[in-house]
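Data first, discussion second: the structure below is written as structure tokens.
Basis for what follows: all heavy atoms, side chains included, without hydrogens, waters or symmetry-related copies. Numbers restart at 1 for each chain; the letters A, B, ... are given by sequence-line order, proteins then strands. Bear in mind the structure is a predicted one, so any value in this text is a computation, not a measurement.
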Number of protein chains: 2
Amino acid sequence: MSKFATATKRLLLGRPFRSDRLTHTLLPKRVALPVFASDPMSSVAYAPEEILLVLSVAGASAYVYSPWIGLVVALVMIAVVASYRQNVRAYTSGGGDYEVASVNHGPGWGLVVGSALLVDYVLTVAVSISAAAANIGSAIPFVATHKVQFAVLAILLLAAMNLRGVRESGTAFAIPTYAFVAGILGMIVWGAFRTYGLGDDLRAESAGFELAAEEHHLAGLAFAFLILRAFSSGSAALTGVEAIANGVPAFRKPKGRNAATTLLLMGMLAITMFLGLIFLADTTGAIMAEDPERQLIGAPEGYEQKTLVAQLAGAVFAGFPPATWYVIFFTGLILVLAANTAFNGFPVLGSILAQDRFLPRQLHTRGDRLAFSNGILFLSGLAVLLVIVFEAEVTKLIQLYIVGVFVSFVLSQSAMIRHWNRKLADETDAAQRRRMRRSQAINTFGLVMTASVLVVVLVTKFLAGAWISIVAMAGIYAVMRGIRKHYDRVADELKEEEGEQVTLPARNHAIVLISQLHRPTLRALAYAKATRPDVLEAVTVNVDDLETRKLVDEWNRRKFSVPLKVVESPYREITRPVLDYVKRVRGDNPRNVVTVFIPEYVVGRWWEQVLHNQSALRLKTRLLFQSRVMVTSVPWQLESSKRASTRADRAQPRSVVGDVRRGFADGQHPDGGRPARDRQETGR
Amino acid sequence: MSKFATATKRLLLGRPFRSDRLTHTLLPKRVALPVFASDPMSSVAYAPEEILLVLSVAGASAYVYSPWIGLVVALVMIAVVASYRQNVRAYTSGGGDYEVASVNHGPGWGLVVGSALLVDYVLTVAVSISAAAANIGSAIPFVATHKVQFAVLAILLLAAMNLRGVRESGTAFAIPTYAFVAGILGMIVWGAFRTYGLGDDLRAESAGFELAAEEHHLAGLAFAFLILRAFSSGSAALTGVEAIANGVPAFRKPKGRNAATTLLLMGMLAITMFLGLIFLADTTGAIMAEDPERQLIGAPEGYEQKTLVAQLAGAVFAGFPPATWYVIFFTGLILVLAANTAFNGFPVLGSILAQDRFLPRQLHTRGDRLAFSNGILFLSGLAVLLVIVFEAEVTKLIQLYIVGVFVSFVLSQSAMIRHWNRKLADETDAAQRRRMRRSQAINTFGLVMTASVLVVVLVTKFLAGAWISIVAMAGIYAVMRGIRKHYDRVADELKEEEGEQVTLPARNHAIVLISQLHRPTLRALAYAKATRPDVLEAVTVNVDDLETRKLVDEWNRRKFSVPLKVVESPYREITRPVLDYVKRVRGDNPRNVVTVFIPEYVVGRWWEQVLHNQSALRLKTRLLFQSRVMVTSVPWQLESSKRASTRADRAQPRSVVGDVRRGFADGQHPDGGRPARDRQETGR
């Protein structure tokens with residue numbers, strides 16, 4: 001797919017730039033929308049269904065409430081979208097909720113948001129893929145019967161792709177996203193037209209069934225509780241909205257406004273699709289049972305309950321299967337894209353957290369594939385675990401999902417209110433103040449909405465699984481705090497004390513380690529001399545009396561101006577005798593340093609690595625533990641290494657996930673040969 | 001067990017020495033015997049049985065030949081022992097057959113022996129453990145029914161022990177070995193006394209059974225072939241004799257003579273036990289069927305065929321089970337010890353091969369636990385594989401076993417003949433010459449014997465499995481040749497050309513990498529200055545504009561005498577920009593060098609490693625690939641590192657397997673604090 005994407009891209013955008021002047025290609029709205037909206041819009045694929053599933057507990061009669069629940073969810077979504085339009089205008093750096101919360105509530109709360117979002121990403125993958133499996137399963141029975149395996153496989157596939165460094169490409173997103181939107185909207189419109197225009201009676205395949213209530217005639221309170229549960233499941237439709245806030249830097253100028261517009265567009269589309277699906281479900285009389293085996297009466301033998309989208313498509317496009325397949329296929333595809341979004345958002349968030357030293361530094365500096373890979377493995381590993389534990393059941397996973405999202409909603413909205421207060425404090429212009437007040441009002445509205453949803457979610461979902469997410473958030477929070485504490489402690493330790501003067505070393509005792517007399521050692525000797533140490537001596541470890549004797553004779557014959565010391569090693573080990581020797585010559589004078597020169601051959605092939613430098617490597621690591629000991633590697637490149645290094649140079653640095661979101665262009669990297677431009681700053 | 005051993009040792013020898021003057025404690029014969037003889041003597045536990053098993057194919061009638069076969073095997077053993085008495089006298093360095101063959105036949109043949117012995121070690125483990133399982137299984141039915149699992153577990157256990165670095169201890173060997181010898185001899189004597197003294201009629205439990213011949217009335221040639229097969233299986237009794245030749249250095253002076261005496265003692269014991277067992281088998285009428293289910297007629301329902309030793313013990317000590325258990329237990333135990341012997345001999349041989357650069361160097365220098373561990377894993381891995389493939393059936397494994405041993409027998413004996421020829425060439429003293437001639441005659445006799453056995457083995461066992469060992473030997477041979485070729489090629493590449501002059505670098509351009517201004521960087525700067533480079537500049541990579549700006553301002557404020565260069569990194573990577581920069585400043589003048597100073601913090605805990613120096617490490621490795629670039633690590637030890645390094649210092653270097661065989665004493669190591677003594681060699 002990445003291959004295909006690149007190909008298409010080549011066609012659309014021509015060969016990738018080679019300049020490293022221009023470091024960003026910014027996304028036009030029409031591309032930004034699919035890139036950022038695939039996640040939030042994909043959630044409409046399962047949110048309506050979840051509402052019906054919860055209601056089904058009370059029997060089909062409860063379905064009458066679904067439109068009302070849908071409307072409330074839509075209302076909340078409007079509030080959230082409106083609020084985030086304020087966020088993206090105010091914070092364009094891409095820090096998203098994390099930044100907003102950190103700035104206005106302090107880093108502690110920011111970190112809470114961070115943890116919430118990390119958990120959220122894991123669940124996005126698990127839920128989206130499970131939903132994809134369910135939808136595809138509605139078209140291909142085999143997938144339905146092997147849902148878990150399919151989901152796990154899909155996650156591993158995504159992980160592999162992202163490990164290889166597949167770069168997100170606008171096109172790769174645009175096509176399926178727009179196709180999905182077109183499909184769903186088309187279905188709704190056509191469905192509406194058939195019903196009211198042609199007066200057809202649309203019947204979902206499950207329409208005829210009797211739905212046995214799990215709990216009969218629920219008492220008032222219990223029933224209200226059920227409604228609330230249905231509502232909080234429905235609010236899954238809002239997940240992913242927050243993602244766009246992290247993507248602002250990728251937008252064209254004026255970033256804030258463009259992002260806001262995109263958000264609005266996305267919100268409108270999402271709401272329309274969401275309500276449209278609920279409307280269709282209502283008109284087609286689709287029945288979704290939480291437990292088909294036991295609840296569905298009158299269903300044919302071995303009836304496999306399809307997803308709502310699949311059933312609706314089947315009903316609306318009855319007699320024209322291709323259309324049905326189209327809808328199902330692109331629904332599945334956009335859900336996979338949504339999962340991939342998490343793979344791209346995760347490292348972005350990671351690098352932001354790393355910048356504030358809540359995560360390992362190397363997550364911040366790019367090109368550390370290892371760090372990114374670990375992130376991807378972490379993400380996919382947890383997702384796979386969830387999928388297996390919850391049998392790829394969206395309904396079960398949803399319980400864990402929503403809480404994280406709403407925690408960050410609430411915190412960022414409340415933070416925005418403070419933000420406006422600060423602004424208002426030192427803003428005099430009346431017009432400005434009015435505008436700010438309006439924004440603040442909107443955020444307040446958003447806060448009220450999201451806060452009440454959060455409460456509902458906590459109340460209705462806590463035991464059902466939300467607690468797991470909360471525990472996970474707490475755990476991640478603690479780890480990140482710990483990392484930060486460590487970095488801070490190190491920073492203090494490294495800070496200069498008042499008036500501390502770093503003095504030049506008084507005496508530099510140089511030691512050249514010698515095993516045999518060959519070019520690397522001779523080079524090391526020559527180089528060591530060039531550094532003009534106060535003392536210079538060659539040291540060899542007597543591992544083999546015969547060889548040592550030969551070496552010493554040769555040494556004396558050659559009349560080197562440098563003395564050769566032989567360190568005994570009765571047990572034929574190298575590290576320890578050298579360490580002991582260095583410790584001795586180093587002495588106790590804090591102003592003396594010892595420099596150990598280690599001649600090394602550089603080899604190119606992995607198996608050559610096995611045959612060389614093993615002891616040098618171990619020695620180096622152990623030497624660094626001694627204070628006032630410098631270790632200098634004097635490399636000698638063997639032929640094979642040349643090949644390896646050219647290979648490494650030629651290799652285009654592979655792309656890193658999350659680039660597009662950060663506005664890094666496709667295929668744009670300073671290629672090996674090109675000099676990066678430098679600035680010269682001189683203090684005299 | 002090691003704990004127990006140490007405890008006993010403490011009791012017997014007092015606390016371990018702490019001196020590093022005395023590097024060897026040599027083994028008195030009474031300790032050397034068990035250490036080296038457990039392997040050869042253990043093989044008498046299965047050799048006689050194997051003879052009967054092969055003969056059983058032709059029915060019990062064929063058993064009449066077993067004594068004669070036994071005698072021939074004994075004869076060969078005498079020849080081999082006599083020959084090796086010459087070897088150990090002539091070669092006391094511990095090189096064993098490998099050395100003898102290399103010196104007299106050239107390194108090529110030496111390598112053949114080396115490969116043969118490596119394969120041999122693997123099989124020693126597989127066979128001994130399988131035999132141990134069979135014997136213990138004869139006492140504990142559960143083990144019999146789970147033979148393979150038991151064997152695999154035992155091997156893994158041994159591997160783990162040796163990985164942890166359990167040091168062989170004389171005592172740990174002495175007790176079970178002598179107990180085993182006592183048990184077997186006691187059984188034989190008591191058995192003989194009961195038969196001839198008391199006139200009892202000893203009956204093995206299997207005595208009554210009818211043995212159905214697998215192949216009836218074998219024709220003359222086929223029958224002869226069967227006898228030969230029985231014979232070559234019986235010669236398994238000789239395996240392990242060669243081991244002692246590698247142990248000569250561990251003997252007290254006169255090493256050669258003492259080793260020879262020990263060999264003689266071992267030979268006599270082994271032969272006595274071997275023949276004694278065959279005699280007992282004969283008198284008790286024990287029946288060993290290759291395929292009990294089909295061959296044994298008249299056996300009770302679900303009869304489990306016990307090992308010969310177990311049956312004999314049962315017969316001889318009928319009515320007094322403890323004695324039977326004693327014999328069975330110590331038979332099993334010595335077989336396990338024999339397997340452990342391989343774990344100790346393997347690295348010794350490895351280090352000898354490494355010395356000649358047929359294996360990675362680090363196997364030669366000790367204390368490279370990694371290398372040794374890999375050896376142990378390799379050994380145990382292959383052994384486990386064999387045990388599983390051949391279902392822990394001694395009879396099947398034997399087929400692979402003997403060929404390797406006899407290859408080295410033959411090569412070393414033929415080598416010895418050449419050895420004597422050389423000696424004779426420049427020996428005039430008549431008495432000496434006579435002695436040499438005698439030795440040569442003995443070796444010739446040994447050669448004739450072992451050569452004919454080898455032929456027999458090849459003929460009778462090739463298809464039965466010997467081919468596998470031969471293929472393995474060839475493979476190992478090829479790999480070792482390859483390694484040697486590589487080392488040679490590197491050596492040439494590193495040799496100085498005629499009259500090549502290594503000149504001092506003309507110009508040393510020093511670069512100090514700086515991320516922030518703290519003590520490590522300041523120290524690095526100060527140290528870099530002290531090396532008086534021609535150019536000195538500080539370089540920072542602009543990963544984060546804000547931080548860089550701060551750094552630059554601070555730099556200018558501090559008025560350092562060193563210019564600070566900012567290298568742009570549009571993609572927030574570190575390695576590539578630095579590499580490019582270094583490449584540029586290095587220029588093309590072959591006499592210019594660049595020195596890169598990298599400030600590093602040294603941390604103590606593994607998880608701190610994750611949080612630091614990742615990029616520094618990657619950078620260092622990549623820098624070394626550029627010619628004329630020196631990399632100097634300027635370490636800064638954080639608090640946590642102190643703890644770690646003291647931990648490392650305090651840690652007594654753990655023992656290395658195979659020490660005892662090389663005559664390294666128990667618990668004797670130069671301890672961290674103690675200075676190793678040095679010799680000073682000065683070429684003016």
Query raised in the report: Rounded to the nearest 0.5 Å, how far apart are CG of N542(B) and CG of L551(B)?
Result: 10.0 Å
Requested in this report: Using the side chain to side chain contact (heavy atoms under 4.5 Å, CB included) rule, pick out the option among V543(B), T540(B), L579(B) that qualifies with I574(B).
Outcome: V543(B)
Report task. Check the side chains of E600(B) and S633(B) for a donor-acceptor pair under 3.5 angstrom, ignoring hydrogens and angles. Result -> yes
Query raised in the report: Checking Q516(A) against chain B: side chain, backbone, both or neither under 4.5 Å from a heavy atom?
Result: neither
**Report entry** Under 4.5 Å from any heavy atom of chain B - which part of Y487(A)
**Finding:** side chain
**Report entry** Between T531(A) and T531(B), a side-chain donor and acceptor under 3.5 Å
**Finding:** no
Report summary line: Heaviest contributor of heavy-atom pairs below 4.5 Å to chain A, chosen from T621(B), L623(B), V541(B), V490(B), is V490(B)
Requested in this report: Apply side chain to side chain donor-acceptor pair (under 3.5 Å) to the pair Y527(B) and T632(B), showing each step before the final yes or no.
Outcome: CA-CA 10 Å; Y527(B) 174 71; T632(B) 300; 5.7 Å; no
Requested in this report: Pick one of side chain, backbone, both or neither for V629(A), based on which atoms fall under 4.5 Å of a heavy atom in chain B.
Outcome: backbone
Query raised in the report: Where does R558(A) contact chain B at under 4.5 Å (heavy atoms): side chain, backbone, both or neither?
Result: side chain
Query raised in the report: Between F560(A) and W555(A), what is the ring plane arrangement, given parallel below 30°, perpendicular above 60°, and tilted in between?
Result: tilted
Query - Atom pair CD (E554(A)) and CZ (R549(A)), whose distance is rounded to the nearest 0.5 Å - result: 13.5 Å
Query raised in the report: By a 4.5 Å heavy-atom criterion (distance strictly below it), what part of V634(A) contacts chain B: side chain, backbone, both, or neither?
Result: both
Query raised in the report: What part of R489(A) lies closer than 4.5 angstrom to a heavy atom of chain B: side chain, backbone, both or neither?
Result: side chain
Report task. Heavy-atom pairs under 4.5 Å with chain A are the metric here; pick the option from K620(B), R557(B), Q355(B) that has the most. Result -> Q355(B)
Requested in this report: Among the options H486(B), H518(B), K529(B), R361(B), pick out the one with the most heavy-atom pairs lying under 4.5 Å from chain A.
Outcome: H486(B)
